[in-house]
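Just so you know, ligand 1 is whichever comes first in the structure, and atom 1 is the first atom listed for that ligand. Everything numeric here is computed off the predicted structure, so don't read it as measured data.
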Amino acid sequence: METIALQTAAREELVDITELVAGAVARAGLTDGAALVYVPHTTAGVTINENADPAVPRDVMMALARLVPQTLPFTHAEGNADAHVKASLMGSSVTVPVRSGALQLGTWQGVFFAEFDGPRRRRVLVQALAGAAR
Ligand code: ZN
């Protein structure tokens with residue numbers, strides 16, 4: 001298993017980690033199979049979406065902020081309940097097929113680390129899942 005270390009820069013941020021995931025797949029020596037990308041945090045997540053137009057990740061974060069405002073009557077005493085909810089909405093993992101050593105993402109797709117309670121030091125785990133080459 002490969003670990004990607006991140007330092008996020010804002011409370012809420014989508015960080016394009018596509019190349020970091022590709023690097024982890026290469027380090028793992030995976031040619032055919034899948035990469036399980038897992039975020040072991042409760043106030044951050046991972047998602048796949050467009051990384052061509054930077055307006056798309058901005059719009060995703062804007063919409064999440066409106067769906068789950070910090071002003072809801074939360075009871076979690078840490079003051080970051082919105083971040084926990086947003087992390088659950090994004091999810092903790094994505095799985096990307098790998099063929100001939102390359103992530104099989106669509107033309108406009110990228111893998112994003114979703115920070116909801118930064119800035120913090122974060123980790124992303126990449127587990128190479130070997131499969132048959134066909
Ligand atoms: Zn909390």
Side-chain angles (χ1 to χ4, degrees):
M1 187 171 62
E2 302 290 325
T3 301
I4 296 168
L6 290 178
Q7 171 66 55
T8 58
R11 182 170 195 270
E12 298 194 343
E13 178 182 18
L14 283 179
V15 182
D16 187 344
I17 58 168
T18 309
E19 292 310 313
L20 296 172
V21 173
V25 166
R27 286 198 304 279
L30 180 66
T31 52
D32 290 279
L36 171 64
V37 182
Y38 183 78
V39 170
H41 301 290
T42 61
T43 55
V46 62
T47 191
I48 292 175
N49 214 308
E50 175 169 337
N51 68 352
D53 181 357
V56 173
R58 267 201 310 274
D59 287 348
V60 168
M61 294 306 262
M62 179 278 294
L64 283 171
R66 291 200 182 195
L67 279 170
V68 191
Q70 285 184 264
T71 52
L72 290 177
F74 295 115
T75 56
H76 178 51
E78 276 188 321
N80 61 356
D82 66 305
H84 289 290
V85 175
K86 290 165 187 163
S88 275
L89 289 173
M90 287 285 96
S92 298
S93 68
V94 295
T95 307
V96 184
V98 174
R99 184 161 190 175
S100 300
L103 297 173
Q104 298 299 291
L105 292 165
T107 304
W108 309 111
Q109 285 184 318
V111 182
F112 290 92
F113 178 86
E115 175 64 84
F116 296 113
D117 195 25
R120 291 189 191 218
R121 296 184 61 78
R122 299 292 202 176
R123 289 185 307 140
V124 179
L125 309 180
V126 179
Q127 176 68 56
L129 307 171
R134 59 176 75 173

Charged N to carboxylate O below 4.0 Å: is that the case for Glu115 and Arg122? yes
In short, salt bridge (charged side-chain N to carboxylate O under 4.0 Å, His left out) pairs touching residues 70-90 with sequence neighbours left out are Arg11-Asp82, Glu12-Lys86, Asp82-Lys86
Does any N or O in the side chain of Thr42 come within less than 3.5 Å of the main-chain N or O of His84, such that one atom is a donor and the other an acceptor? no
Verify the cluster assignment for Ile17 and Leu105: are they in a single hydrophobic cluster under the rule of side-chain heavy atoms below 4.5 Å apart? yes
For the Zn ion (ligand 1), protein N, O or S atoms at a distance below 2.8 Å amount to 4
Tell me whether the count of non-hydrogen atoms from other residues, nucleotides or ligands lying under 6.0 Å of CD in Glu19 goes above 12. no
Would you say the side-chain atoms of Thr47 and Asn49 include a donor-acceptor pair closer than 3.5 Å? no
